[in-house]
Engineer: 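Have a look at this one before I ask anything.
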Amino acid sequence: MQINVQRQFTILHPSSPLEAIQYVRDVQQSLSRVSFIKNLRLEGQVVTADLAVDVPFLGQQLLDFQSRLEPHPDGASLIGLEKSGRAWAMGGGQARVSPALQGSSIEYALEITVFIALPSSEKWGGKAFEKMAQATAEKAIERLTLEFPRGVAAGIES
């Protein structure tokens with residue numbers, strides 16, 4: 001099963017564009033309050049963390065992901081790196097900063113792809129379960145992405 005979710009958000013930062021750019025490049029601060037990102041680590045330009053996802057009938061799973069941090073003049077990008085295994089995620093996106101009336105505006109384009117291997121389903125009942133699990137997981141991941149801007153905004157205050 002593969003689930004792709006893309007969302008765009010605008011978050012206001014109370015400081016100058018330069019300070020907002022520094023904030024988005026400091027993933028340990030800017031992503032620290034995002035509730036579904038666990039065990040965040042930065043090694044050089046590689047961000048490693050776990051994505052906490054509720055998987056139907058299995059409960060909360062921690063899916064590991066790695067992304068490469070690439071600064072650019074008006075912000076930063078996270079490039080999701082492919083992994084392997086039965087359950088993992090790719091997390092990435094772009095943050096672009098621009099001046100606002102008061103402070104700065106951060107435009108986020110978030111991309112999350114989740115890979116979960118389900119047992120092969122040859123019979124009708126197994127295929128129905130697979131479709132139900134896919135639909136439920138998609139809704140759960142979409143709900144997670146709605147938490148992202150709240151978590152990033154909370155990191156500004158800390």
Side-chain angles (χ1 to χ4, degrees), residues 1-83 85 87-116 133-158:
M1 169 172 58
Q2 178 178 329
I3 301 165
N4 300 305
V5 178
Q6 297 179 344
R7 293 283 180 266
Q8 294 191 359
F9 305 99
T10 301
I11 299 166
L12 297 177
H13 191 285
S15 300
S16 70
L18 182 58
E19 290 177 76
I21 290 169
Q22 291 172 339
Y23 175 71
V24 297
R25 289 179 181 173
D26 182 357
V27 294
Q28 290 181 305
Q29 182 184 7
S30 62
L31 300 180
S32 68
R33 305 283 298 271
V34 177
S35 64
F36 60 87
I37 297 177
K38 308 288 185 195
N39 307 314
L40 181 71
R41 310 172 290 294
L42 180 65
E43 298 165 17
Q45 295 299 102
V46 176
V47 177
T48 304
D50 295 316
L51 185 71
V53 177
D54 283 322
V55 177
F57 311 107
L58 299 176
Q60 188 177 73
Q61 302 293 304
L62 294 178
L63 307 178
D64 60 324
F65 74 89
Q66 284 188 323
S67 301
R68 187 176 63 253
L69 178 64
E70 291 186 355
H72 47 76
D74 62 349
S77 295
L78 280 178
I79 310 300
L81 303 175
E82 231 177 276
K83 298 186 67 81
W88 55 281
M90 280 179 40
Q94 253 183 13
R96 297 202 177 278
V97 175
S98 59
L101 288 175
Q102 293 183 345
S104 305
S105 175
I106 303 170
E107 298 291 327
Y108 270 96
L110 175 66
E111 301 173 32
I112 295 176
T113 304
V114 172
F115 301 87
I116 301 172
Q134 175 94 19
T136 305
E138 284 175 6
K139 288 195 184 303
I141 292 168
E142 286 182 27
R143 280 192 304 271
L144 279 182
T145 62
L146 296 176
E147 164 57 27
F148 184 80
R150 287 188 291 263
V152 172
I156 293 170
E157 299 164 8
S158 57

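From a predicted model like this one, the values you see are computed outputs, not experimental measurements.
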Engineer: Indicate yes or no for a side-chain donor-acceptor contact from S104 to the backbone of S16 under 3.5 Å, with no hydrogens or angles considered.
Structural biologist: yes
Engineer: Just so I know, are the side chains of V46 and L69 near enough to count as touching, which here means a heavy-atom distance under 4.5 Å?
Structural biologist: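 A side-chain contact is absent here, since even the closest heavy-atom pair is not under 4.5 Å.
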Engineer: I would like to know whether M90 and E82 meet side chain to side chain contact (heavy atoms under 4.5 Å, CB included); could you show each step before the answer?
Structural biologist: CA-CA 6 Å; M90 280 179 40; E82 231 177 276; 3.9 Å; yes
Engineer: Quick one: are Q8 and E107 in side-chain contact, heavy atoms under 4.5 Å?
Structural biologist: no
Engineer: So, do V152 and L31 sit near enough that their side-chain heavy atoms are less than 4.5 Å apart?
Structural biologist: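 Contact flag for V152/L31 side chains = yes.
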Engineer: Could you tell me whether the side chain of D64 reaches within less than 4.5 Å of the side chain of K83, counting heavy atoms only?
Structural biologist: yes
Engineer: Taking all heavy atoms of F65 and all of S67, pick out the closest pair and write down the distance.
Structural biologist: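 Scanning both residues completely, I find the closest heavy atoms to be CD1-OG, 3.7 Å.
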Engineer: Is the closest side-chain heavy-atom distance between F36 and I112 below 4.5 Å?
Structural biologist: yes
Engineer: With a 4.5 Å cut-off on side-chain heavy atoms, are F115 and Q2 touching?
Structural biologist: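 When only atoms from C-beta onward are counted, F115 and Q2 do touch, with a gap below 4.5 Å.
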Engineer: Check I106 against A95 and note the closest heavy-atom contact, atom names and distance.
Structural biologist: CG2-CB, 4.2 Å
Engineer: Are the side chains of H72 and D74 in touch, meaning some heavy atoms are under 4.5 Å apart?
Structural biologist: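 The answer is yes, as the side chains (C-beta and beyond) meet within the 4.5 Å cut-off.
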Engineer: Working to the nearest 0.5 Å, report the span between CG of L146 and CZ of F9.
Structural biologist: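 Reported to 0.5 Å precision, the distance equals 6.0 Å.
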Engineer: Which atom names give the shortest non-hydrogen contact between A49 and R41, and what distance separates them?
Structural biologist: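 In this case the closest contact between A49 and R41 is CA-NH1, 4.4 Å.
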Engineer: Nearest 0.5 angstrom please: H13 NE2 to I21 CD1, how far?
Structural biologist: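 Reported to 0.5 Å precision, the distance equals 10.5 Å.
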Engineer: For residues S77 and Q94, report the shortest heavy-atom separation together with the two atoms involved.
Structural biologist: OG-CG, 2.9 Å
Engineer: Start with the C-alpha distance between R7 and F148, add both sets of side-chain angles, then the distance that settles side chain to side chain contact (heavy atoms under 4.5 Å, CB included), and finish with yes or no.
Structural biologist: CA-CA 10 Å; R7 293 283 180 266; F148 184 80; over 6 Å; no
Engineer: To the nearest 0.5 angstrom, please state how far the CD atom of Q66 sits from the CD1 atom of I79.
Structural biologist: 14.0 Å
Engineer: Quick check: closest heavy atoms across A87 and L63, and the distance to 0.1 Å?
Structural biologist: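 Heavy-atom minimum between the residues: CB-CD2, 3.4 Å.
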Engineer: One pair to check against side chain to side chain contact (heavy atoms under 4.5 Å, CB included): Y108 and V24. What are the steps and the verdict?
Structural biologist: CA-CA 10 Å; Y108 270 96; V24 297; 3.4 Å; yes
Engineer: Do P14 and E19 come close enough that some side-chain heavy atom pair is under 4.5 Å?
Structural biologist: no
Engineer: Stepwise, does the side chain to side chain contact (heavy atoms under 4.5 Å, CB included) test hold for I11 with I156?
Structural biologist: CA-CA 10 Å; I11 299 166; I156 293 170; 4.0 Å; yes
Engineer: What is the minimum heavy-atom distance between E147 and R33, and which atoms define it?
Structural biologist: OE2-O, 4.0 Å
